[in-house]
Amino acid sequence: MLFMAGSYDFASIEHKWQSRWERESLYRAPNQSEKPKYYALVMLPYPSGDLHVGHAKNYTIGDAVARMRRMLGYNVLNPMGWDAFGLPAENAAIANGADPAAWTTENILKMRRQLRSLGTSYDWSREVATCEPEFYRWNQWLFLRLYDAGLAYKREAPVNWCPHDQTVLANEQVVDGRCWRCEHLVQRRNLSQWFLRITDYADRLLDDLDGLSGWPERTRAMQRNWIGRSEGATFAFAIDGLDAEVDVFTTRLDTIFGVTFLAIAAEHPVVSSLGRIVSAEHAAQIAAFAESLQSKSELERTSLMEKRGIFTGAYAIHPLSRERIPIWVTSYVLAEYGTGAVMGVPAHDERDFEFARKYALPVVTVVVPPNMPPDELPHEPYIEDGRLIASESFSDMSSERARNAIAAHLAALGRGKTSVNYKLRDWLISRQRYWGTPIPIIYCSACGEVPVPDDELPVLLPPGVRLRGEGSPLASVPEFIETTCPKCGGPARRESDTMDTFFESSWYYLRYLDPHNDRLPWSAERAAQWMNVDQYIGGAEHTVLHLLYSRFFYKFFHDRGWVSGSAEPFENLFHQGLVLHDGEKMSKSRGNVVGIDETAEKTGVDAMRLFALYVTPPEETSDWTDEGITGRVRLLNRIWRACEPFFERQHDSGARGLPRPKTAAEKTLLRAVHVAAKSAIDETLSRRFHYNATIAKLDELVNLITESSGTADSPVAAYAVWALPILVAPFAPHIAEELWERFGHTTSVHLEPYLRPDDRALAVDETTLVVQVNGRVRARIVVAPGIGEEEAFALALEEANVRSHLDGKEVRKRIYVPAKLLNIVV
RNA sequence: GGGGAAGUGGCGGAAUGGCAGACGCAGCCGCCUCAAAAGCGGCCGAGGCAACUCAUGUGGGUUCGACUCCCACCUUCCCCA
């Protein structure tokens with residue numbers, strides 16, 4: 001949009017105030033303050049290089065909240081930093097030889113400038129970048145504390161391997177069987193990897209969700225789902241002819257007499273022992289079958305491909321019936337889930353049924369619907385609870401009773417016990433990549449696995465490593481790998497894996513509190529001052545990954561006494577909606593990205609902020625349109641024109657208190673000022689953040705000011721104009737500041753208290769009473785707000801339309817909502 | 001298959017048991033102007049000359065009164081299998 005007559009010069013105003021705010025450190029958050037603290041946090045960005053208007057929406061919401069809280073009298077901490085390790089930098093290095101550190105630094109510089117250009121009120125003195133040694137040193141330090149506590153360990157395990165990124169992925173990073181980042185199909189590999197024992201915290205992570213009333217219900221539901229706690233029983237099958245047992249977990253112990261096969265994972269440890277008791281032919285078939293599954297992902301095995309299996313030739317002994325049960329190796333049982341083996345009950349489990357049908361295994365029904373005649377057996381698996389049959393002494397019991405009775409019986413025999421299983425698995429943090437935090441462990445042939453001593457941290461990433469996109473980059477750097485053992489001084493090798501970047505994002509919000517501490521990642525004192533995060537804002541895509549890991553870390557910190565108060569880091573959580581353009585997600589490949597630099601140039605940043613907040617409620621997906629933003633440009637221009645007559649003269653009508661309206665129009669105008677203020681405050685305190693409604697109130701207010709422009713001498717009009725910069729300051733901070741200065745103020749409008757709604761201004765002199773007959777609106781009468789029921793009824797009866805609908809009928813009932821509604825039931 | 005969220009004019013949306021469609025976009029008419037832009041004013045769910053009637057995905061229910069609460073269904077999106 002061109003610079004037009006009647007519009008203000010947003011470009012110079014926005015530049016002017018951004019640099020002045022920064023020079024004066026206007027948004028610095030002191031650690032000590034008499035005001036109550038408020039920690040407003042927006043998820044830190046990955047420095048990918050360019051911000052678009054989708055980012056602008058996210059940061060504008062967070063910034064509006066921070067600015068509102070500041071004007072409501074809080075000492076607000078509103079920090080920003082960079083999630084700076086990770087694959088894009090490394091992939092850029094592989095693609096065009098860029099140095100990941102230089103690439104990242106360049107992107108940070110650009111994005112920091114862009115974030116500033118949005119008029120955000122961050123305390124930049126607390127900025128952190130996770131790729132800096134001063135930061136990742138504490139990553140390593142925290143890893144070692146987890147290691148000391150037995151929560152970090154290395155083991156061989158089948159893992160998710162992304163062939164494109166050449167690295168392993170945590171379970172949570174596999175989406176629909178594909179890499180969450182590059183969307184390549186994930187494979188399975190056996191590798192020795194570092195894990196964090198998040199499963200130790202499974203019950204607390206689950207239970208504490210109940211207390212997170214400031215979180216969206218769906219986010220909590222998804223975390224519950226992910227943790228996947230199920231109660232059941234674990235019991236053992238002995239193997240015929242072998243001194244070994246196979247444990248199985250089940251939630252359906254009531255179906256135990258329906259077991260017709262034992263299904264085990266190809267990677268189950270017992271598989272190799274079976275080779276000793278089965279024929280050479282069977283052993284060869286088992287090996288070939290395991291081989292064929294090796295590269296198949298979990299998704300392929302459990303959902304995509306047809307269930308396959310092979311009879312091992314070996315038999316297990318049923319723990320209760322003592323029958324011989326054939327042992328099958330199957331594709332659909334996973335070694336990493338539960339015990340890696342399940343009892344096959346085709347009559348009462350869909351997957352087992354499908355498998356049994358394919359391989360002609362017997363189907364034995366042991367649970368029937370409560371009221372079913374005994375001779376009518378189902379042809380489909382019956383997976384509901386019911387009544388037991390053909391189950392020895394447990395026959396005729398209900399499923400629920402049988403589960404308890406069978407568990408007790410197995411326990412008495414010493415062959416099983418009730419147990420709890422989780423879908424959640426330990427968090428795999430090893431990555432075979434360069435651009436991440438080196439795991440601070442040394443391997444010595446004499447002393448084994450040795451942690452790097454604290455005083456030797458950080459273990460620095462070696463610069464100038466040539467990245468080719470294959471193998472483990474650090475393993476090929478002798479200067480890095482070759483070291484001496486901290487214990488015995490002998491030659492030793494460093495760990496070449498780096499950490500999953502979710503490690504640092506699980507605690508970065510604590511580093512903001514104490515960003516320059518060189519003895520600890522943060523001090524308990526600072527944590528006590530600032531935690532917990534009062535409002536966390538970020539995308540819903542982090543519901544499981546980042547938010548679950550952060551909660552795990554915080555509980556660990558809490559157990560250590562490093563943080564006090566609640567054991568949950570984020571008191572309130574808000575997920576902003578996506579921004580689409582032309583109905584599609586913005587992406588470079590689609591060529592539909594709306595950049596913030598171009599938008600700032602065309603319409604100004606204040607208009608961009610207003611539109612981001614106005615177009616939909618913030619949690620909804622919104623569509624960015626050039627037509628839509630023109631409405632906000634017009635609003636800003638009208639605000640400017642409304643204020644212009646008051647420039648260059650001392651304008652502090654607000655300081656004289658609430659003006660007295662003389663006319664109905666003045667009364668309406670005064671009320672509009674306070675309605676807008678009330679909306680802004682209500683939306684902030686309720687944490688709905690529906691500032692779209694607040695900005696609509698500002699539209700109404702400005703419409704009224706424009707209508708009353710002929711009466712500029714009115715004290716009420718002067719008051720409304722004085723209030724405008726304060727009211728819009730959190731949403732359009734630049735124009736607010738400029739207007740405030742032109743009114744003759746020498747201090748920032750952003751240091752002003754927000755306008756407190758005054759009941760006298762909000763009160764109305766007269767109101768419209770709706771008169772209904774049998775719930776249908778028949779008349780509207782203008783009345784005084786204090787009108788009583790009898791008086792209202794009398795007035796209603798004077799209305800012709802009301803009388804015609806009463807029409808001599810008997811009045812049975814009257815419902816009266818004072819001064820709002822009268823419903824006459826006949 | 002299980003769980004969650006949503007469904008209101010041409011469009012984005014407002015209304016948290018009490019006047020459905022605030023506010024904005026688009027559109028139409030007018031004023032201003034030599035003209036245009038900008039600005040300002042008006043109209044803007046459907047039917048009807050009108051009184052009025054219909055209308056918040058569909059069908060039920062609760063209630064004096066339902067966009068709002070309950071039940072079922074349809075559609076869309078998200079998560080899990």
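Proteins get letters first, then strands, A, B, ... in listed order; numbering begins at 1 in each. Any value given below was found using the heavy atoms of this structure, including those in side chains, with hydrogens, waters and symmetry copies removed. None of the values given here were measured: they were computed from a predicted structure.
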Pairwise P distance, rU8(B) and rC67(B) [rounded to whole Å]: 15 Å

Atom P, compared across rG12(B) and rG65(B): separation rounded to whole Å: 32 Å

Ring geometry between Y332(A) and F355(A) (parallel below 30°, tilted from 30 to 60°, perpendicular above 60°): tilted

L727(A) CG to rC23(B) C1', straight-line distance once rounded to whole Å: 16 Å

Length of the line joining H575(A):NE2 and rA5(B):P, which is rounded to integer Å: 14 Å

Spacing between L635(A) atom CG and rC40(B) atom P, to the nearest angstrom: 11 Å

Phosphate OP1/OP2 of rG24(B): any N703(A) side-chain N/O under 4.0 Å: yes

Integer-rounded Å distance: rC25(B) P and R638(A) CZ: 9 Å

Carboxylate-amine/guanidinium proximity below 4.0 Å for R742(A) and E738(A): yes

Donor-acceptor side-chain pairing of S714(A) and E666(A) below 3.5 angstrom: yes

Residue pair T684(A) / Y691(A), side-chain donor-acceptor N/O under 3.5 Å: yes

For atom CG of L548(A) and atom P of rC80(B), their distance in whole Å: 13 Å

Pair assignment for rA15(B), Watson-Crick or G-U wobble, requiring both distances under 3.5 Å: none

Pairwise P distance for rG10(B) and rG45(B), with rounding to whole Å: 10 Å

Pair assignment for rG1(B), Watson-Crick or G-U wobble, requiring both distances under 3.5 Å: rC80(B)

Pairwise P distance, rG4(B) and rG9(B) [rounded to whole Å]: 27 Å

Residue matched to rG65(B) through Watson-Crick or wobble contacts both under 3.5 angstrom: none

rG27(B): syn or anti, per glycosidic angle within 90° of 0: anti

Residues E217(A) and R224(A) bridged, charged N to O under 4.0 Å: yes

Test log, rule side-chain hydrogen bond (donor to acceptor under 3.5 Å, both in side chains), inputs H581(A) and N592(A): CA-CA 6 Å; H581(A) 187 226; N592(A) 65 343; 4.8 Å; no

Base-pairing mate for rU58(B) - Watson-Crick or G-U, with both contacts under 3.5 Å: rA72(B)

rU62(B) to rG13(B) separation - P atoms, rounded to the nearest Å: 33 Å

rC54(B) and rG3(B), which share atom name C1', separated by this distance in whole Å: 38 Å

Note: D349(A)-R252(A) ion pair, threshold 4.0 Å (strictly below): no

Phosphate contact (rA81(B) OP1 or OP2) by K423(A) side-chain N/O below 4.0 Å: yes

Phosphate OP1/OP2 of rA6(B) contacted by R218(A) side-chain N/O (<4.0 Å): no

Integer angstrom distance from the C1' of rC70(B) to that of rU76(B): 23 Å

Plane angle bin for W427(A) and F552(A) - parallel if under 30°, tilted between 30 and 60°, otherwise perpendicular: perpendicular

Mutual orientation of the aromatic rings belonging to Y8(A) and F10(A) [parallel < 30°, tilted 30-60°, perpendicular > 60°]: perpendicular

side-chain N/O R224(A) vs rG4(B) OP1/OP2, d < 4.0 Å: no

Residues within residues 679-696 of chain A bordering RNA chain B, heavy-atom distance below 4.0 Å: R688(A), N692(A), A696(A)

Spacing of L580(A) atom CG relative to rU76(B) atom C1', expressed in whole Å: 14 Å

Under 4.0 angstrom between R634(A) side-chain N/O and rA26(B) OP1 or OP2: yes

Watson-Crick or G-U counterpart of rC43(B), or none if no pair lies under 3.5 Å: rG27(B)

Pairing nucleotide - rG9(B), Watson-Crick or G-U, each distance under 3.5 Å: none

Atom pair distance, as rounded to whole Å: CD in E700(A) and C1' in rA14(B): 10 Å

Check: N703(A)/R638(A) side-chain N/O donor and acceptor closer than 3.5 Å: yes

Passing option when R403(A) is tested against T250(A), D385(A), T255(A), T251(A) for side chain to side chain donor-acceptor pair (under 3.5 Å): D385(A)

d(CG, D699(A); P, rG24(B)) in whole Å: 5 Å

Geometric class of the F574(A)/F689(A) ring pair [parallel <30°, tilted 30-60°, perpendicular >60°]: perpendicular

N/O (side chain, R632(A)) to phosphate O (OP1/OP2, rC23(B)) under 4.0 Å: no

Rounded P spacing from rC25(B) to rC74(B) in Å: 40 Å

Close approaches to RNA chain B from residues 607-626 of chain A, in residue order (heavy atom, under 4.0 Å): Y614(A), V615(A), T616(A), P617(A)

Pair partner, rC49(B) [Watson-Crick or wobble, under 3.5 Å]: none

